Amino acid sequence: MQVAVFSTKPYDRRFLDAANTAGGMKHRLAYLEAQLSPETAVLARGSGAVCAFVNDQADAAVLDRLAEAGVKLLALRASGFNNVDLAAARRLGITVARVPAYSPEAVAEHTVAIILALNRNIHRAYNRVREGNFALDGLLGFDLKGRTVGVVGTGRIGAAVARIMLGFGCRVLAHDPCPDAATQALGVGYVTVPELLAASDIVTLHCPLTPGTHHLIDAAAVQRMKPGAMLINTSRGAIVDTPAVIAGLKAGHIGQLGLDVYEEEADLFFEDLSGQVLQDDVFARLLTFPNVLVTAHQAFFTAEALTAIAEITIANITAFEATGHAVHEVSTERLA
Ligand code: NAD
């Protein structure tokens, strides 16, 4: 099957080619650097499948154009599918497949890397030492042992974060509409979101972006947080209302903020914009705080995760071509 691969980076090509070769080179992978959008959807003409990533647009307008171009499968090389209009896909007869789990540890470990870096001010220490400034003022951290970590969403990634933080000697609280028995058995207590926010020294978000979790962390939620608490979001940007969090940082109510995702990241992340003037004033403000650490959606970025993403994506496409059904179909998971 010919597959139009949108938002291709050199690493996508490397891992998808390897998985396609291992699978017997069944598919013609047409690599496109362009993001999927109403303007670029036409590039899929002649392809039975489209392979897309987190910031590719797959709303009704785009899916209409893909259906016109003859596309039957949208294979996401990601677990989140908040960028896809599933009802439109179903109406148009486009199957949507995803990679539900590739390496939860990759995202969990990056989350913990941000927590540790922010707590001990590693981002600031790195620059200071290189400039010959060996003073410690402003770098004071706190022991993680004995602190309370609130995990919102204890699916694959949240549960892995909970396990790691228990290893540091933290008390872990969680909120999830479907509590995980294995996580509970480790001693994690499930509470309501307001209880979690009020009790946690570190709040870390691992729920999917849905209408119910959009701006879950808004001005009211920030006020409910413990003064000086750390907020971490490695899930999806729009779970956090960024201006509300900036207000919390300015007031000193939020002690530290760590982000791997940002609501408006589609115009920024995965590109080298270092020679351009940053147009997003909200994002620019975030970068001015010494107690904010932003990575550009890199939590998934390990060799193990990219290998698994590529292999599962190729398996989805192969199964769809053979049987009319992908291995991991979002459409049936969500709408059946
Ligand atoms: P998952 O489906 O295994 O777990 C999600 C959990 O969130 C489930 O247990 C679900 O019950 C829970 N949940 C749903 N609504 C909730 C709510 N309102 N409050 C609290 N919990 C709620 O998903 P996962 O594999 O653990 O991934 C979690 C999220 O991480 C994904 O949705 C994706 O957006 C994000 N992610 C980010 C990266 C990255 O590179 N930064 C990589 C992969 C995934």
Side-chain angles (χ1 to χ4, degrees), residues 7 9 11-12 52-56 76-84 86 96 98-115 149-164 172-184 188-197 200 203-218 221 224 232-240 258-263 265-266 268-270 293-310 312-313 328 330 333-334:
S7 296
K9 298 291 179 198
Y11 45 81
D12 294 312
F53 196 46
V54 291
N55 291 329
D56 285 312
L76 300 170
R77 47 184 197 280
S79 61
F81 47 86
N82 49 283
N83 51 338
V84 183
L86 294 178
V96 180
R98 69 171 179 141
V99 182
Y102 40 92
S103 172
E105 286 72 22
V107 183
E109 289 169 13
H110 188 79
T111 303
V112 176
I114 295 179
I115 292 172
V149 179
V151 180
V152 180
T154 51
R156 299 173 188 91
I157 296 169
V161 170
R163 287 193 298 272
I164 299 172
V172 179
L173 295 176
H175 174 78
D176 194 309
C178 308
D180 176 42
T183 301
Q184 232 161 354
V188 173
Y190 280 85
V191 294
T192 63
V193 171
E195 285 166 345
L196 181 147
L197 295 174
S200 299
V203 174
T204 183
L205 305 173
H206 303 288
C207 53
L209 174 60
T210 63
T213 62
H214 183 264
H215 287 185
L216 181 76
I217 303 298
D218 58 9
R224 286 199 182 95
I232 306 289
N233 186 12
T234 63
S235 187
R236 284 291 181 267
I239 297 171
V240 166
L259 300 178
D260 186 53
V261 288
Y262 169 61
E263 190 163 7
E265 70 177 51
L268 300 170
F269 287 5
F270 307 121
L293 180 54
V294 182
T295 53
H297 209 134
Q298 77 172 82
F300 72 100
F301 202 58
T302 67
E304 289 80 359
L306 290 192
T307 301
I309 290 171
I312 297 166
T313 299
H328 302 286
V330 184
E333 273 174 38
R334 301 284 297 180

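These figures come from a predicted structure and were not determined experimentally. Order of listing sets the numbers, starting from 1, for every ligand and every atom in it.
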Protein residues that have a heavy atom under 4.0 Å from any atom of ligand 1, sorted by chain and number: Ser79, Tyr102, Val107, Val152, Gly153, Thr154, Gly155, Arg156, Ile157, His175, Asp176, Pro177, His206, Cys207, Pro208, Thr213, Thr234, Ser235, Arg236, Asp260, His297, Ala299, Phe300

Under 3.5 Å side-chain donor-acceptor pair for Thr111 and Thr234: yes

Check: Leu268 and Tyr262 side chains under 4.5 Å, non-hydrogen atoms: yes

What I'd like to find out is whether the side chain of Asn55 reaches to under 4.5 Å of the side chain of Ser7, using heavy atoms alone. no

Please examine the side chains of His297 and Arg236, heavy atoms only from C-beta on, and report whether any two atoms are closer than 4.5 Å. yes

Exercise answer: donor-acceptor pairs, residues 211-218 side-chain atoms, under 3.5 Å, sequence neighbours excluded:
from	atom 1	to	atom 2	distance (Å)
Thr213	OG1	Pro208	O	2.6
Thr213	OG1	Thr210	N	2.8
Thr213	OG1	Thr210	O	3.4
Thr213	OG1	Thr210	OG1	3.4
His215	NE2	Glu263	OE1	3.1
His215	NE2	Glu263	OE2	3.2
Asp218	OD1	Ala220	N	3.2
Asp218	OD1	Ala221	N	2.9

Arg77: which of Phe53, Phe300, Tyr102 passes side chain to side chain contact (heavy atoms under 4.5 Å, CB included): Phe53

